[in-house]
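These notes concern the structure reproduced below.
Owing to the predicted nature of the structure, the values given are computational and were not obtained by experimental measurement.
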Amino acid sequence: MDIESAAKALKELGHPTRLTIFKRLVKAGHNGIAVGVVQEELAIPGSTLSHHLSGLMSAGLITQRREGRVLYCTPEYDKLEGVLTFLRDECCRDESHA
């Protein structure tokens, strides 16, 4: 993962509302959760939720799918793992040169 992609993902997750939404999506698991359920559970106005979901999608952290009239959001676990790995890969490297 490059620094720009990691920075974009961390920026999106750095907003309290987006992080709350993302945590709820992660809790739902691999099948995702209906946007209406997220809106109801988190008491977020539809336009605000849409704005935040758009940011998470643009960072590649979530995907959406439509089933009939219902829109589902699913976290992209590979992207999340990529961000975490990006941060962990540098852990303590300087200590080996001491």
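With sequence neighbours excluded, the residues satisfying side-chain contact (heavy atoms from CB on, under 4.5 Å) with M1 are S5, A6, K79, V83, F86.
Minimum interatomic distance between G29 and P75 (heavy atoms only, all atoms of both residues): O-CD, 3.9 Å. Closest approach of P45 and A43 over heavy atoms only: CD-O, 4.0 Å.
In the hydrophobic clustering of ILVMFWY residues, with side-chain heavy atoms under 4.5 Å counting as a link, L84 and L61 come out together. By the rule that hydrophobic residues join a cluster once side-chain heavy atoms approach within less than 4.5 Å of another member, Y72 and V38 end up as members of separate clusters. Linking ILVMFWY side-chain heavy atoms closer than 4.5 Å, directly or via other members, places L80 and L19 in a single hydrophobic cluster.
The OG1 atom of T20 lies 11.0 Å from the CG atom of L13; values are rounded to the nearest 0.5 Å. Note: E12 CD to L10 CG = 10.5 Å, rounded to the nearest 0.5 Å. Here the CZ-CD1 distance, from R24 to I33, works out to 3.5 Å after rounding to the nearest 0.5 Å. Atom CG of residue L49 and atom CD1 of residue I21 lie 5.0 Å apart, to the nearest 0.5 angstrom. I62 CD1 to R18 CZ: the interatomic distance, rounded to the nearest 0.5 Å, is 11.0 Å.
A heavy-atom distance below 4.5 Å is not found between the side chains of N31 and T74. Inter-residue side-chain proximity for R66 and L71 is flagged as met; some heavy-atom pair is nearer than 4.5 Å.
Residue pairs that meet the ring-ring contact (aromatic ring centres under 6.0 Å, His included) test with at least one member in residues 21-64, sequence neighbours left out, are H15-H52, H30-Y77.
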> Going through the distances and angles, do L53 and C73 end up as a side-chain contact (heavy atoms from CB on, under 4.5 Å)?
Replying inline: CA-CA 9 Å; L53 290 173; C73 291; 3.9 Å; yes

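In E67, the CD atom is crowded: over 12 heavy atoms of neighbouring residues, nucleotides or ligands sit closer than 6.0 Å.
Using a 4.0 Å cut-off between a side-chain N of Lys or Arg and a carboxylate O of Asp or Glu, E81 and R88 qualify as a salt bridge. Classification of E4 and K8 as a salt-bridged pair fails, no side-chain N sitting under 4.0 Å from a carboxylate O.
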